[in-house]
Amino acid sequence: MEDERKDGAYGTPQKYDPTFKGPIYNRGCTDIICCVFLLLAIVGYVAVGIIAWTHGDPRKVIYPTDSRGEFCGQKGTKNANKPYLFYFNIVKCASPLVLLEFQCPTPQICVEKCPDRYLTYLNAHRSQDFEYYKQFCVPGFQNNKGVAEVLRDGDCPAVLTPSTLLARRCFPAIHAHKGVLMVGNETTYEDGHGARKNITELVEGAKKANGVLEARQLAMRIFEDYTVSWYWIVIGLVIAMVMSLLFIVLLRFLAGIMVWVMIVMVILVLGYGIFHCYMEYARLRGEAGSDVSLVDLGFQTDLRVYLHLRQTWMAFMIILSIIEVIIILLLIFLRKRILIAIALIKEASRAVGYVMCSMLYPLVTFFLLCLCIAYWASTAVFLSTSNEAIYKIFDDATDCPVAGKTCNPETFSSSNESRLCPGAHCQFAFYGGESGYHRALLGLQIFNAFMFFWLANFVLALGQVTLAGAFASYYWSLHKPDDLPAFPLFSAFSRALRYHTGSLAFGALILAIVQIIRVMLEYLDQRLKAADNKFAKFLMTCLKCCFWCLEKFIKFLNRNAYIMIAIYGTNFCTSARNAFFLLMRNIIRVAVLDKVTDFLFLLGKLLIVGSVGILAFFFFTHRIRIVQDTAPPLNYYWVPILWRT
């Protein structure tokens, strides 16, 4: 900051100006065009949300629906006594469509129970099993057609396989016997058309559907843990906040002692973590199943399974040991710089003492970010559940003029299309829509993600400019606290919104563009994993690395540009240029002192986080006898621990 005093406002060496008393109050609006663009984008974002909420139904994410969009097991409907969903052809669930739209492109009906035997329509339609088979056909099915017509029209599934329930859906009961995949006692199944297929085709179909449903179950369990432990999470956050406040207050008076005590405490906390991991590793020795490797186990939604493996605790112990060694080495080589950093921390804590309301402003940023996340998540869910079951006219004849057009299966038999093409039938085609809204769903999802990044970055930028303006008022006050404004934080906040909304929107827009490109690259990378193209993978890795570095650089430059905006009131480009040249002239000092200070604050965060985390761990695992019965039962005890930390 001393160099900033000497260098002036335009990045050129100037003499120290004793008349400069901090943030310029006589300033004008900057980057007005970007402000207008942001307001128009917000209006469009609200319109997208309203449209999504009008068309979407989030119950589709939780509750199963049949091909006609009716919920299974809902009271007051004809499916009230049919709580489970049955897929006619689970193999079609291997389509990537199921991952994007929560639906399989195959007819689905609500049933009272899942199939418990292996049957094909060819064998069942003239046997005593037909009454059992009939309950898995479309509602109102009458056996007045030939086999080919029934299967062609999609009135009944071609085959039934023994099934199990998962999230109120029926999936083939696939199991392994001596390394061989089987359904029931069979390693192959008949597809209902006279041909036999391998069980692995069922596995591929079930995998995609199971992946989505297991992810939903995991999310629901985590949500349940939050609902039963939210008040304990709040208590933990209050404890962490009180510890942080106490830590900052003590830094003002005992900066040197506090920093060294903090360093020793972090080393001790990490040492205890290493000891605890070793004790768990030794305790599991000889227990059945504890020697299974993480690779052989694979991904499990029940994360508690990993805590019963010795390899898990060995990995934790190695990671903590590496962190411990790195911290000790950094302390040895940076011990002289730490003394300078302690002086900076002491001055910063004194500044916080004069601007105490700055300690509450992060709550404002947190609240605004929660609003952004809630709006983005709800809009994304409503958009993803906006699709409808589309039925089209199919006809084996080539001269039907209405073939391929959409239809209504309930009224098709009495419609003009059925009379025009007597052999045609109205059959489920896919989940989606043919309106302009449905065709634009992918674009709307991209716009939703982009606006989330833009608004979230704007909220963070507003916080950085506000705090920079408040502490700049403190820094340039020669007679403290007499020269300080009455409400420095509120003054800085009002200046940022009144004059620099456009500049904040400009910086947030640049960062949002880079972030949305990174999201698209991740999507393309997932799509290219199936292709064995080494050059494409190499190119994709290079692009991801470059944009990751670009995002980090822009965040660093933006943060310093916002400081210049708060002090001098210049537009974003001018502020970014001045900040860049100022940093370049002091690159070594910035790199060393800034990172050493960040390192010391990181140790402070680790100390508070580690202390609260250890306390939460013993509490939620019922290891504190005094409050052993107070802790709520949880699916995953790490959920409130992670939220606290």
task: Evaluate side chain to side chain contact (heavy atoms under 4.5 Å, CB included) for Met520 paired with Ile446, printing each intermediate quantity in order.
output: CA-CA 9 Å; Met520 292 180 177; Ile446 295 174; 3.7 Å; yes
task: Carefully, step by step, assess Leu460 and Leu369 under the rule side chain to side chain contact (heavy atoms under 4.5 Å, CB included).
output: CA-CA 8 Å; Leu460 295 174; Leu369 284 177; 3.9 Å; yes
statement: In short, Cys114 meets Ser163 closest at the heavy-atom pair CB-CB, 4.0 Å
- request: Might you point out which heavy atoms bring Gly463 and Thr365 nearest each other, and give the distance in Å?
  value: CA-OG1, 4.3 Å
field: Worked check of side chain to side chain contact (heavy atoms under 4.5 Å, CB included) between Gln445 and Asn448
entry: CA-CA 5 Å; Gln445 287 282 24; Asn448 181 34; 4.0 Å; yes
query: Partners of Gln515 by side-chain contact (heavy atoms from CB on, under 4.5 Å), sequence neighbours excluded?
result: Phe453, Asn457, Leu511, Glu551, Lys555
task: Could you grab the distance from atom CD1 of Ile517 to atom CG of Leu524, nearest 0.5 Å is fine?
output: 11.5 Å
- request: Search all heavy atoms of Asn558 against all heavy atoms of Gly507 and return the closest pair with its distance.
  value: ND2-O, 3.1 Å
query: So how far is it from Phe547 CZ to Ile513 CD1, rounded to the nearest 0.5 Å?
result: 11.0 Å
- request: Show your reasoning for whether side chain to side chain contact (heavy atoms under 4.5 Å, CB included) applies to Phe316 and His276.
  value: CA-CA 10 Å; Phe316 287 159; His276 179 77; over 6 Å; no
- prompt: How about Trp548 and Lys552: do any of their side-chain heavy atoms sit closer than 4.5 Å?
  reply: yes
- line: Distance col, row Leu521:CG vs Arg518:CZ, nearest 0.5 angstrom, shows 8.5 Å
message: Please give me the minimum heavy-atom distance between Leu368 and Val459, naming the atom from each residue.
response: CB-CG1, 3.6 Å
- prompt: Going from CG on Asn560 to CD on Gln464, what distance comes out if it is rounded to the nearest 0.5 angstrom?
  reply: 9.5 Å
message: So if I apply the ring pair (Phe, Tyr, Trp, His ring centres under 6.0 Å) rule between Trp376 and each of Phe447, Phe452, Trp454, which one comes out positive?
response: Phe452
task: Quick one: pull up CG in Leu309 and CG in Leu284 and give me the separation to the nearest 0.5 Å.
output: 8.0 Å
field: Flag if over 12 foreign heavy atoms under 6.0 Å of OH, Tyr354
entry: yes
message: Would you say that Leu462 contacts Phe493 through its side chain, given a criterion of any heavy-atom pair below 4.5 Å between the two side chains?
response: yes
query: Taking all atoms of both residues into account, what is the closest heavy-atom pair of Met317 and Cys277, and its distance?
result: CB-CB, 3.8 Å
side-chain hydrogen bond (donor to acceptor under 3.5 Å, both in side chains) partners for Tyr281, two or more places apart: Arg310
task: Nearest 0.5 Å please: distance from the OH atom of Tyr361 over to the CG atom of Leu467.
output: 7.0 Å
- request: Decide if atom CZ of Phe450 counts as having more than 12 heavy atoms of other residues, nucleotides or ligands within a radius under 6.0 Å.
  value: yes
- prompt: Within a reach of under 6.0 Å around OH of Tyr84, are more than 12 heavy atoms found that belong to other residues, nucleotides or ligands?
  reply: no
query: Closest heavy-atom contact between Gly273 and Leu320?
result: C-CD1, 3.6 Å
task: For Tyr375, look at atom OH and say whether over 12 heavy atoms of other residues, nucleotides or ligands are found less than 6.0 Å away.
output: yes
